[in-house]
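Some notes on the structure that comes next.
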Amino acid sequence: NLTALKRGGQGHDPDGVDATQEGALAVECPACPQPDRNLPDDWQSAAEVWLYTLFLMVDANFRLRLKDRGFNDTHLSSGWAYYVNEEKFQTHLTTHHATFGDHNENSTCSAEHKAIINANLKKDGYIASGVAAILCARHMLVRPRGVGDLQKGERYVNIDYLILSTLVNVILLLLCISYDIACQYSKNFNKRISDFPPHMQIDFDQIVLRWGIPKKHIAVHGPNHSKFSFNYLPNVGRTYGEGIESSWSHMNPVAMSTREMGSGARHETLDDHWGAWNWSKIVNFGPHFARSLKRAHDMSIKHQAIFEEYTATFKPEMIAQWTKLMDEWKQHPGIQPDPFEAPELSEYVIYTLLAQEESSHTTMSESLHHEVSPSTFLSMGLELEEQQAILIARSKGRKTATELATLHEKHTLHSRRIELWRKIQEVYMPIVGSLLAQVNQDEALIIDSITKLERIQLWLPSSLPPHLHNELILSLLNKERQLRIAQAEDALADIRRLRRMITNISQFKRLNISGSGQKANTRIRSLYDKFKHKIDLAANRYRRARNSLLKIDPDGNWQGRLKELLSKDIRGPGRVDDEDDDGGGEGSYEISWIWLVSGSEGDNSQTEYLESMRVEWAKTKARVERWKEEKQLLLEEMRRSLAFFEWKAKWWREQGRRRQGKVSVALQSGLTAYAEKQAAIWETLALQCATSWMTVLKQCSLSASWVTKYQEILRSSSMQAIILKKATKEVRQQFQETILLEDEDQEEEEEEEEEEEEDEDEEEDEEEEEEEEEEGENQRTDIDAMEVDI
């Protein structure tokens, strides 16, 4: 407590320890908006006032319990740091329970979150069942007066008190709060807080209050929750909302010790640990903001290019319609239709579509006439190639006797079709006859119909070696090229259509099947596998078409659209958690190139296709906007941090003079020295952060208002000595890159200019000497001429 009071400046207060205000000993977040400390004078009327939003996050930890040991110890610093004043807190809880009872509101959310389920549970033998805390959502620092004990689960009254307590005397216009159950908790928030004491009342009519659900928790809340998603809410950047979970990992190791303590000792111990946590975060601001800004800058450029490429695949009038829908949603989040959610398909619709897909593979007519055009002949060949690939795929794996008999029958029928097609091939490709003679001899030795089917070579024009190409074959190759391009385009359209179905199946499973038993899960998994098999067939068809095109026209323009299809490219639309386990999140998701190829007119006219693509387009646009906002927020947070460091250094120097003339000279000397030490700490932090950040600003070609000021400060010899002595190796290296190397470059430029001036002077001297020599020669010539005349 004495150390905290000293570091909080209470030793410099003429009124002593008794004048300590609630929250005064907390280590505050320098990057959060604080009027009169790190905000400009006109911040309330700024064009981009959203940059001054205060982001908070709420969560509870049920490991930090406190046993009921039958005694109460004294609170020496109640409410001075992170814990709220225990006496006032308990008084309000008692009054509230006596007036309104002991139950939470009924939940209307589809998610069965632990915070709701355990809201009214109490663990016997414990005074406190856990701890609730408020942290800044952007920088993960614990808020002053933002922590309190939970007596009976995660009740709303406790959370209400902590939110109001940490916002007392805070001036703000915009507030965004992240909470696991924000969709339910926010409903009657304004009504509940109207019953709080007058000194805790906050006029939320003058504040734009928004609620969000942390990114890892939003998935379990089901549909109609886009208005709570930090991925889609405007003006939130890449705010995560889950950072409070990592703070618990810092506190959990002390839970076994603190649960045996008295209430006062436990609060002071936890306050001390939270102070260390906050300070470690501030010390890491330099590299943290530098890395974050570099990533935000790179990702904003990357996703902007992806968005522009994806937008170009749709008609302008369609984009205008989607843009209007998205703008309306931003003004009134929650309206329908939601631009980020596609209509959900029922299980009946999914099975109907599967039946239609099965019926589309009708058998080809057995009567093939040779009086057909070359294009029809080639189309028949491509269809036979596809049917052959399907039969080979179905032949794999263990089969029953009935299945083997059915496959054998289909293989025989397919072989007969090929024989009929060969008669037409003899007309258009007579050169194939000599190739078939040798192949037929080899196939005659094969008894197994499945193996024989795999060995059948259709000998389409693209399969022939170049030395067999004649005028007739070249004409067929040109027609096959056009058909192969169409085949590849159709295969891509099928992949996109089937991927949309798989996405709907995954969503249907998550919302309706998960947790309902093995039978239902097995059934939906079987359905999923069937569509996955069809995707594999379409992908193989695309690869066959592309390989043929590489033989026919290896340098054609088609390669710009029809790229190589890898397994990792078959994904989307959107990010499916079961499949896209890449370690990234929604903001890092990159749309596959298969969605950047514009579909056919028929594809674009389908309502289901447009709905799916509208959702993917909206999400892609949201990623671009969030990364751009993140870059703006980081630049503003850098400025705010430096402004706070400067204010804090100035504040400490003012503290050093507060008791001047009231204490002895020796004591005043000590007070001044300690104040100067603290001021130097904050100034050094500012210099180290500025050094790290200027390097990234230079790499990203960005500018900031504070750069020139800190460049001048860092160029002074005394500050260079401080930086090079106290900074880390990384900061020293960045300092040398940003300041010393610039000075060396400037010195080199000055030296080069001096050398150029010296060279110019030497050239002028040489020219003058030459002119003098010429004048001397002329004079001597004149004298010689005069002597001759004489």
Side-chain angles (χ1 to χ4, degrees), residues 302 305-315 318 360 374-375 377-390 393 458-464 466 469 473-503 531-574 589-606 609-610 612-613 616-617 620:
K302 183 177 184 179
I306 293 174
F307 172 69
E308 291 175 356
E309 185 178 1
Y310 187 45
T311 301
T313 62
F314 302 100
K315 297 178 180 179
M318 186 61 64
S360 66
S375 298
F377 157 68
L378 292 173
S379 297
M380 291 176 178
L382 295 182
E383 188 170 354
L384 285 171
E385 182 185 62
E386 175 64 14
Q387 290 294 325
Q388 185 173 338
I390 293 175
L458 294 178
W459 292 114
L460 288 164
S462 58
S463 303
L464 296 177
H469 291 180
I473 298 299
L474 291 175
S475 175
L476 291 174
L477 280 172
N478 183 49
K479 291 181 173 60
E480 185 182 354
R481 173 186 173 277
Q482 299 177 42
L483 290 173
R484 289 292 187 182
I485 291 176
Q487 183 185 37
E489 296 276 8
D490 290 343
L492 273 184
D494 286 344
I495 292 173
R496 291 193 294 263
R497 176 174 55 82
L498 293 168
R499 279 299 311 173
R500 293 195 297 272
M501 291 304 305
I502 276 190
T503 301
F531 279 101
K532 183 68 171 59
H533 174 68
K534 294 179 182 299
I535 289 177
D536 293 338
L537 291 176
N540 290 333
R541 183 166 76 253
Y542 173 86
R543 293 180 180 122
R544 287 196 304 273
R546 191 176 187 276
N547 290 335
S548 297
L549 285 170
L550 288 172
K551 297 176 182 178
I552 300 171
D553 187 15
D555 300 323
N557 296 331
W558 57 269
Q559 294 195 62
R561 286 170 49 81
L562 305 177
K563 303 177 183 179
E564 181 181 6
L565 183 64
L566 304 176
S567 298
K568 65 179 182 180
D569 297 326
I570 305 176
R571 65 179 191 272
Y589 177 77
E590 298 179 24
I591 188 171
S592 172
W593 69 264
I594 66 175
W595 302 98
L596 304 178
V597 180
S598 58
S600 64
E601 289 297 323
D603 196 12
N604 271 320
S605 64
Q606 297 177 9
Y609 169 82
L610 291 177
S612 178
M613 292 302 95
E616 186 62 26
W617 179 87
T620 305

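Throughout, residue positions are numbered sequentially from 1 according to the sequence presented.
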Looking at side-chain heavy atoms only, is the closest gap between [X] and [Y] below 4.5 Å?
X      : Y      : result
Glu590 : Arg571 : yes
Leu549 : Pro554 : no
Met318 : Trp617 : no
Ile594 : Lys563 : no
Leu460 : Arg484 : yes
Glu616 : Ile591 : yes
Leu458 : Ser463 : no
Gln559 : Leu550 : yes

Value rounded to 0.5 Å, distance of [atom1] in [X] from [atom2] in [Y]:
X      : Y      : atom1 : atom2 : value
Ile495 : Asp490 : CD1   : CG    : 11.0 Å
Asn478 : Ile552 : CG    : CD1   : 9.0 Å
Phe307 : Thr311 : CZ    : OG1   : 3.5 Å
Ile485 : Asp553 : CD1   : CG    : 7.5 Å
Arg499 : Lys532 : CZ    : NZ    : 8.0 Å
Lys551 : Leu464 : NZ    : CG    : 10.0 Å

Polar side-chain atom of Ser462 near backbone of Ser548 as donor-acceptor pair, under 3.5 Å: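 Not at all, since once roles are kept as given, no pair shorter than 3.5 Å links the two residues.
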side-chain contact (heavy atoms from CB on, under 4.5 Å) between Leu492 and Trp593, intermediate numbers included: CA-CA 11 Å; Leu492 273 184; Trp593 69 264; 4.0 Å; yes
Cationic N near anionic O, under 4.0 Å, Glu564 to Arg543: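 Judged by the 4.0 Å cut-off on N to carboxylate O distance, Glu564 and Arg543 do not form a salt bridge.
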Ala488 versus Tyr542, closest heavy-atom pair with distance: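 Heavy atoms of Ala488 and Tyr542 come nearest at O-CD1, 3.5 Å.
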side-chain contact (heavy atoms from CB on, under 4.5 Å) assessment of Leu382 paired with Gln487: CA-CA 9 Å; Leu382 295 182; Gln487 183 185 37; 4.3 Å; yes
CA sep, side-chain torsions, deciding dist, call: Arg541, Asp494, side-chain contact (heavy atoms from CB on, under 4.5 Å): CA-CA 10 Å; Arg541 183 166 76 253; Asp494 286 344; 2.5 Å; yes
Worked check of side-chain contact (heavy atoms from CB on, under 4.5 Å) between Glu489 and Leu562: CA-CA 8 Å; Glu489 296 276 8; Leu562 305 177; 4.2 Å; yes
